[in-house]
A.B. asks: 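Before I ask anything, let me first share the structure, which is written out below as structure tokens.
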Amino acid sequence: MLQPELFSKRSQDLDPAFDHAGHFYWGRPQAWLHAANLLKGNKPLRLPRWHVQVIHTEDDWSRAELIRQGLAKEVVGS
């Protein structure tokens, strides 16, 4: 909760908030070892909700597979 005082409100009534989507970073070892703040200045990339699936259960994994299949068809159909 970003604002615990709004706990009883419906999520639809709250301002939009964003979360990470299981991101990762690429870089050369020397850059990671010597940079004071390697991530400074990076801007978020907004992904459509249907491109992201949090995986905590086997059902989540199954849904992620369906999303992947749909995205693969979308790319082939382009």
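In this chain, residues are counted from 1 in sequence order.
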A.B. asks: Rounded to the nearest 0.5 Å, how far does OG of Ser8 lie from CG of Asp13?
C.D. replies: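 Here the interatomic distance stands at 10.5 Å.
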A.B. asks: Gln53 and Ile67: which non-hydrogen atoms are nearest, and at how many Å?
C.D. replies: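 Reported closest heavy-atom pair: CB-CD1, 3.9 Å.
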A.B. asks: Just verifying a value: how many Å separate Glu5 CD and Gln3 CD, rounded to the nearest 0.5 Å?
C.D. replies: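 Going from CD on Glu5 over to CD on Gln3, the span is 5.0 Å.
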A.B. asks: For Glu58, does the CD atom sit with more than 12 other heavy atoms under 6.0 Å from it, leaving out its own atoms?
C.D. replies: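 No.
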A.B. asks: Calculate, to the nearest 0.5 Å, the distance between atoms CZ and CG belonging to Arg63 and Leu66 respectively.
C.D. replies: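 Reported to 0.5 Å precision, the distance equals 9.0 Å.
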A.B. asks: Kindly indicate, with the supporting measurements, whether the criterion side chain to side chain contact (heavy atoms under 4.5 Å, CB included) is fulfilled by Leu6 and Leu14.
C.D. replies: CA-CA 8 Å; Leu6 300 177; Leu14 299 174; 3.8 Å; yes
A.B. asks: Looking only at non-hydrogen atoms, find the nearest pair between Leu47 and Val52 and report the distance.
C.D. replies: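 Smallest heavy-atom distance, with atoms named: CD1-CG2, 3.7 Å.
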